[in-house]
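Here is the structure we will look at, set down as structure tokens.
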Amino acid sequence: MKLNQVSSVESVENAYALAKSAYAALGVNTDKAIRSALDIPISIQCWQGDDVVGFEGSVGAGGGIIATGNYPGRARNGDELRADAEFAFSLIPGKKRFNLHSFYAETDGKKVMRDELEPEHFKKWLVWSKKKKIPLDFNPSLFAHPNANSGFTLSSADPKIRDFWIRHSKASRKIAAEFGANQNSPAVNNIWIPDGSKDIPADRLSPRLRLMDALDEILAVKYNTDTITDAVESKLFGIGSESYVVGSHEFYMGYAASKKIRLCLDSGHFHPTETLVDKVSAAMLFVPGLLIHFSRGVRWDSDHVAIYSDELRDLCREIIRHKFLDRVDIALDFFDASINRIAAWSIGTRSLRKGLLESLLEPYKLLTDAEKAGKYTERLALMEELKTLPFQAVWDKLCLVDKVPVGMNWLSRVNQYEKEVLINR
């Protein structure tokens, strides 16, 4: 699928001129919206590129996490993962970050236990990050390990197991702080654990008390806030923790509020009938900030590729409407091994950037003025009218401005990369 570049640019510009006029009639500056949308950093998850396998020789993620499918071309080492990420970046407009798990350490073939990881084991990532001007974020990996086989890590009743994971989480915060110092931007260090029970527990309290004590010990080590942003992430359930999850939303909401750290809300980690949209403004009254993972839950699976869905669009609007960008870190968290992995990165990230742009194009003052005046008919009518404004023309212009493929042009590049690189792995 190819378009003539000259006619493509001309058609984009012509369509944009009409769209610009339509939005201007509502008091919206589309040029400003494009600049603002491109300036919002999105943290792209490294684990989409290799099915959450990492570099320890593991055959799968474990801990209630599974990437289904066997599409050819999975990245097998750091060089391949970085090359694939760079290619994906060339298809995706706007500022980007790259999010690593601890088991993407590169130890030159030496066996290094997770509780012994140091910043030096990520030196290739640090060099790459600085060279490409792509800031890094981080996560301790509390799964896919013999010490996680019981289903309990930081909440384990076995002090040896619990202490191992406490040491690992401390090591991860040290690494994240080194990332932040290297890039002059705080690295988000997000703690998620798989702890829970397949069947109904008799004691729901004790594991949560142990988790609280473990987190207190991990976070007792202080780092400069210019280098690290701490966050904690809940989940409704996972495979093997269907009946009880220690780190529930209520637990982490209370913990984040009391400890003044960021709360991570993952759009795939709640009941299918729940939405994050109503949680954002409520949580922001009590926590210093949020880390939002854009994902897509489908039945039991919480990590489908993010799409330009109503929920994604509503969530972007909630962030933009209330000017929460300075207190919200925006990230992606999905993994799909059934389709081209680079295409998954591109689809998910471009969809999120679309949602942010659309939100910045909303004439929010017109909506709130009508609401304050009790003109609910006008409010609803305007909301409906906005749905059919020529948004696609503004999105195409954004891609043109940032020199990334317009429309479906990106897919032909992915197909060519697959033929030349991925299929040979």
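This one's a predicted model, so the numbers in the text were calculated from it and none came from an experiment. Below, all heavy atoms of this structure are taken into account, side chains as well, without hydrogens, waters or symmetry copies.
Taking the ring centre of Trp125 as origin, the terminal cationic atom of Arg82 falls inside the region bounded by 6.0 Å and 45° from the ring axis.
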Worksheet item: When you look at Glu178 and Asn182, which way does the side chain to side chain donor-acceptor pair (under 3.5 Å) test go after all the steps?
Response: CA-CA 6 Å; Glu178 183 67 22; Asn182 181 70; over 6 Å; no
Item to complete: Could you check Ser102 against His168 for side chain to side chain donor-acceptor pair (under 3.5 Å), going step by step and ending with a plain yes or no?
Response: CA-CA 9 Å; Ser102 68; His168 170 61; 3.2 Å; yes
Discussion item. Run the side chain to side chain contact (heavy atoms under 4.5 Å, CB included) test on Ser359 and Ile319 for me, step by step, so that the C-alpha distance in whole Å, both residues' side-chain angles and the decisive distance to 0.1 Å come before the verdict.
Written reply: CA-CA 9 Å; Ser359 302; Ile319 296 168; over 6 Å; no
Item to complete: Would you sort out whether Ile40 and Leu360 count as a side chain to side chain contact (heavy atoms under 4.5 Å, CB included), showing the intermediate values?
Response: CA-CA 11 Å; Ile40 300 170; Leu360 289 161; 4.2 Å; yes
Practice prompt. For the pair Ser90 and Arg413, evaluate side chain to side chain donor-acceptor pair (under 3.5 Å) and give the outcome as yes or no after the intermediate values.
Written response: CA-CA 10 Å; Ser90 73; Arg413 298 192 189 184; 5.3 Å; no
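For the pair Leu312 and Ser351, the tightest heavy-atom approach, listed with the atom from each and the gap, is CD2-O, 3.6 Å. Arg262 and Leu290 make their closest contact through NH1-O, 3.7 Å (heavy atoms, listed as atom of the first residue, atom of the second, distance). Here the shortest heavy-atom pairing between Val406 and Cys399 reads CG2-CB, 4.1 Å. When all heavy atoms of Asn99 and Ser43 are compared, the pair lying nearest together is CB-OG, 3.5 Å. The minimum heavy-atom distance between Trp395 and Pro93, with the atom names listed, is CH2-CG, 3.7 Å. Taking every heavy atom of both residues into account, Ala393 and Ala19 meet most closely at CB-CB, 3.8 Å.
Using a 4.5 Å heavy-atom threshold, the side chains of Arg341 and Asp84 count as separate. Val280 has its side chain out of reach of Val328: every pair of non-hydrogen atoms, C-beta onward, lies at least 4.5 Å apart. In this structure the side chain of Arg296 never reaches within 4.5 angstrom of the side chain of Ser309, judged on heavy atoms. Side-chain contact between Trp345 and Phe89 is absent, with no heavy-atom pair separated by less than 4.5 Å. Inter-residue side-chain proximity for Ser234 and Met253 is flagged as unmet; no heavy-atom pair is nearer than 4.5 Å. Within the 4.5 Å cutoff, the side chain of Tyr252 has heavy atoms near those of the Leu211 side chain. Side-chain contact between Asp329 and Asn190: absent, with no pair of heavy atoms (C-beta onward) separated by less than 4.5 Å. Residues Gln183 and Lys133 are not in side-chain contact: their nearest non-hydrogen atoms beyond the backbone lie 4.5 Å or more apart.
By the 4.0 Å N-to-carboxylate-O rule, Asp213 lies too far from Arg210 to be salt-bridged with it. Classification of Glu358 and Arg317 as a salt-bridged pair holds, one side-chain N sitting under 4.0 Å from a carboxylate O. Comment: Asp50 does not engage Arg76 in a salt bridge, judged by the lack of any side-chain N to carboxylate O separation of less than 4.0 angstrom. Note on Lys20 versus Asp31: salt bridge recorded, some NZ/NE/NH1/NH2 to OD/OE distance being below 4.0 Å. Residues Lys279 and Glu274 are paired through a salt bridge, judged by an N-O separation under 4.0 Å between the basic side chain and the carboxylate. A salt bridge is absent between Lys235 and Asp266: the closest approach of a Lys/Arg side-chain nitrogen to an acidic carboxylate oxygen does not fall below 4.0 angstrom.
Side chain of Arg425 to backbone of Gly73: a donor-acceptor contact under 3.5 angstrom is found. Arg208 places a side-chain N or O within 3.5 Å of a backbone atom of Val246 that can act as its donor or acceptor partner. Between the side chain of Glu242 and the main chain of Gly240, a donor-acceptor pair closer than 3.5 Å is present. Put simply, the side chain of Arg204 never gets that close to the backbone of Tyr244: no donor and acceptor are under 3.5 Å apart. For the pair Arg327 (side chain) and Met284 (backbone), a donor-acceptor distance under 3.5 Å is present. Counting only distance, with no hydrogens or angles, the side chain of Asp51 and the backbone of Val53 share no donor-acceptor pair below 3.5 Å. In this structure, Arg353 contributes its side chain and Lys95 its backbone to a donor-acceptor pair below 3.5 Å. For the pair Asp195 (side chain) and Thr153 (backbone), a donor-acceptor distance under 3.5 Å is present. A donor-acceptor pair under 3.5 Å is absent between the side-chain atoms of Ser141 and the main chain of His101, judged by distance alone. Judged by distance alone, the side chain of Ser295 and the main-chain N or O of Asp333 form a donor-acceptor pair under 3.5 Å.
Checking Phe98, Phe55, Phe138 one by one against Phe122, the ring pair (Phe, Tyr, Trp, His ring centres under 6.0 Å) holds for a single residue, Phe138.
Remark: Leu332 CG to Ile292 CD1 distance equals 12.0 Å, nearest 0.5 Å. Here the straight-line distance linking atom NZ of Lys387 with atom CZ of Arg313 works out to 8.0 Å at 0.5 Å rounding.
Under the 6.0 Å cut-off for aromatic ring centres, Phe103 and Phe143 qualify, their centroids lying closer than that.
By the 6.0 Å contact criterion, CG on Leu285 is enclosed, its count of non-hydrogen atoms from other residues, nucleotides or ligands being greater than 12.
For residues 215-224, the set of pairs meeting the side-chain hydrogen bond (donor to acceptor under 3.5 Å, both in side chains) definition, not counting sequence neighbours, comprises Lys170-Glu217, Asp216-Tyr255, Asp216-Lys259.
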